[in-house]
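Quick notes on the structure that follows.
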Amino acid sequence: MYDVLKVRRDFPILEREVNGRRLIYLDSAATSQKPRRVLRTLTEYYERHNANIHRGVHRLAEEATGLYEEARRKVARFIGAPDARGLVFTRGTTEGINLVAHAWARKFLREGDEVVLTVSEHHSNLVPWQLAARDTGARLRFVPIREDGTLDMEAAERIIGPRTRLVGCVHASNVLGTVNPVGRLAELAHESGALMLVDGAQSAPHLPVDVNALGCDFFAASGHKMLGPTGVGFLWARPELLEEMDPFLGGGEMIREVHLERSTWNEIPHKFEAGTMNIAQAIGLGAAVDYLNTLGMENVREHERRLGEYARRRLSEIEGLTVYGPAEGRTGVVAFNVPGVHPHDLSQLLDQEGIAIRSGHHCCQPLMRHLRVVATARASLYLYNTEEEVDALVGAISRAREFFGAPA
Ligand code: PMP
């Protein structure tokens, strides 16, 4: 039985007050809060083991290297990747996707090739491909979404074809709360001889993920959204792909031999980890994964699915309020608009009651255009949120509506 009140006790920040009220943190899609286990791991690392990795032969260097490589194996196992050589630490999802858009796309994309994305991508899975298309002459194509926010798979079947080299799709939308059928997209991609890239920023923290079961070739995510520290994330890729890709950043650690005019590359994944990495953060991410495993990702998913559906239902009861995305099977991300109240004003008013939500375009401007809005409010729930917090949100929105004189 999932005990959310027990889980909450592991997160010291949830005890703090904002504007004289107990904090209600509903912005975990932007970044999650951190459990004591992660905070303790960071402190302990700096107090006892801090050293640069892979280079020194002294005791601390060996300990730090061991902890870092153990974190790599933990994260790989967490996403069902048997071979940790496919797991590259990055700064986050954005860097992971940029890595593919440089190291793979610049080497393999040609004029006339197509990269297929969806209209609901985060800017981090759009802009790197715009730049790669500009540099290679490849063309971008987009799968639309249906009225309820789900992907139009019939259109996907038409669009993905012999010219497609890569299909890129957000696994769980940071606006709509949809979980996209990336496994089916991977099948379509592979039938056309293309590769499949999954933006897992909003799935790895919330759903059980198995990259082999999904059949994807690239999977990128951010540590800070899954209880880990900022500054670290990961890109998983099939090891054969990493072998044949060019390096991304050049510098120390990623080389085997350096001459004045040319160099050879270190073995994977080190070929993609140039310079001093975010060592403490990676080890902290390993601790976050341990914590998530203790709770069980199936339990986390079930808690959030129920809470997300509850939030959607309760919010829909507010007169005139529009909730985006499907009613069922959603994640804990709920974007909405209250007529007559700008989302920024709403967030500010909610902040006065200690409630943290997000407002804006959520780095999804094309999706906003598709929804014909400039911005939305967004409550995003995680494993530490409760129905009582959703009720408090609903109450505060109703008061905000009255404050702004919204039509009753
Ligand atoms: N993709 C999605 C779906 C996201 O929600 C985010 C973060 N908002 C990103 C990518 C980018 O993540 P990061 O900023 O950690 O690189």
Side-chain angles (χ1 to χ4, degrees), residues 93 97 100-101 104-105 108-134 136-203 207 209 211 213-220 312 322-331 333 335 361-374 376:
T93 310
I97 296 171
V100 181
W104 176 82
F108 293 111
L109 281 186
R110 299 276 175 276
E111 188 153 358
D113 287 348
E114 292 180 356
V115 172
V116 176
L117 305 167
T118 83
V119 299
S120 52
E121 297 311 307
H122 188 277
H123 296 166
S124 63
N125 199 25
L126 274 176
V127 183
W129 298 111
Q130 294 169 355
L131 295 171
R134 184 197 66 187
T136 60
R139 173 174 172 226
L140 304 184
R141 302 194 64 187
F142 299 95
V143 177
I145 53 172
R146 298 195 200 93
E147 196 59 35
D148 66 354
T150 58
L151 269 192
D152 184 342
M153 289 304 287
E154 283 165 20
E157 289 184 24
R158 280 197 306 277
I159 293 170
I160 299 168
R163 286 175 180 273
T164 313
R165 292 287 165 270
L166 181 122
V167 178
C169 182
V170 64
H171 194 180
S173 165
N174 62 316
V175 175
L176 300 166
T178 39
V179 180
N180 288 319
V182 289
R184 176 67 190 133
L185 285 175
E187 280 173 11
L188 292 173
H190 293 156
E191 281 164 18
S192 296
L195 298 177
M196 179 72 206
L197 176 141
V198 175
D199 170 352
Q202 301 292 349
S203 65
L207 322 169
V209 166
V211 287
L214 291 177
C216 61
D217 302 288
F218 299 108
F219 185 95
R312 192 189 190 287
T322 307
V323 184
Y324 304 97
E328 283 171 14
R330 54 169 35 257
T331 64
V333 171
H361 53 61
H362 316 293
C363 297
C364 287
Q365 288 183 7
L367 176 60
M368 294 294 117
R369 272 181 220 113
H370 187 89
L371 298 173
R372 292 193 193 81
V373 294
V374 283
T376 77

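Note that this is a predicted model, so its numbers are computed, not measured.
- Within the 4.5 Å cutoff, the side chain of Ser120 has no heavy atoms near those of the Val175 side chain.
- By the 4.5 Å heavy-atom criterion applied to side chains, Pro326 and Arg312 are not counted as neighbours.
- Across Gly215 and Ala186, no two heavy atoms sit closer than the pair O-CB, 3.5 Å.
- Partners of His370 under the ring pair (Phe, Tyr, Trp, His ring centres under 6.0 Å) rule, at least two apart in sequence or in another chain, do not exist in this structure.
- A 4.5 Å side-chain heavy-atom check between Leu367 and Ile145 finds at least one atom pair inside the cut-off.
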(message) Pair Val182, Phe219 - check side chain to side chain contact (heavy atoms under 4.5 Å, CB included), show working.
(response) CA-CA 11 Å; Val182 289; Phe219 185 95; over 6 Å; no
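- Smallest separation of non-hydrogen atoms from Asp199 and Thr93: OD1-CG2, 3.4 Å.
- Between the CG atom of Leu126 and the SG atom of Cys364 there is a distance of 8.0 Å, given to the nearest 0.5 Å.
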(request) Could you give me the CA-CA distance, side-chain angles and deciding distance for Val119 and Val143, then say whether side chain to side chain contact (heavy atoms under 4.5 Å, CB included) is met? (result) CA-CA 6 Å; Val119 299; Val143 177; over 6 Å; no
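- Each salt bridge (Lys or Arg N to Asp or Glu O under 4.0 Å) pair with one or both residues in residues 109-128, not counting sequence neighbours, appears once here: Asp113-Arg165, Glu114-Arg139, Glu114-Arg141.
- You'll find the side chain of Asn125 reaches within 4.5 Å of the side chain of Leu197, heavy atoms only.
- The two atoms that bring Phe142 and Thr118 nearest to each other are CD2-O, 4.0 Å, heavy atoms only.
- Heavy-atom minimum distance, Ser192 versus Pro162: OG-N, 4.4 Å.
- Tyr324 is listed as a side-chain neighbour of Leu371, based on a closest heavy-atom distance under 4.5 Å.
- Here the side chains of Met368 and Thr376 are in contact, with some heavy-atom distance below 4.5 Å.
- In plain terms, the two heavy atoms of Val179 and Gly329 that are nearest each other are CG2-O, 3.8 Å.
- Minimum heavy-atom separation, Thr164 to Ile159: OG1-O, 3.9 Å.
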(request) Dump the intermediate steps for side chain to side chain contact (heavy atoms under 4.5 Å, CB included) on Leu166 and Phe108, then the final yes or no. (result) CA-CA 10 Å; Leu166 181 122; Phe108 293 111; over 6 Å; no
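- Looking only at side-chain heavy atoms (C-beta outward), Leu151 and Cys169 come within less than 4.5 Å of each other.
- Taking 4.5 Å as the limit, every side-chain heavy atom of Thr331 sits out of range of all side-chain heavy atoms of Gln202.
- For Arg184 (side chain) and Glu187 (main-chain N/O), no donor-acceptor pair under 3.5 Å exists by modelled atom type.
- Taking the charged nitrogens against the carboxylate oxygens, Glu154 and Arg146 have no contact shorter than 4.0 Å, which rules out a salt bridge.
- The OG atom of Ser203 sits 4.5 Å away from the NE2 atom of His171 when rounded to the nearest 0.5 Å.
- Side chain of Thr178 to backbone of Asn180: no donor-acceptor contact under 3.5 angstrom is found.
- Taking the six-membered ring wherever Trp is involved, the centroid distance between the rings of His362 and His122 does not fall below 6.0 Å.
- By the 30° and 60° cut-offs, the orientation of the rings of His123 relative to His361 is tilted.
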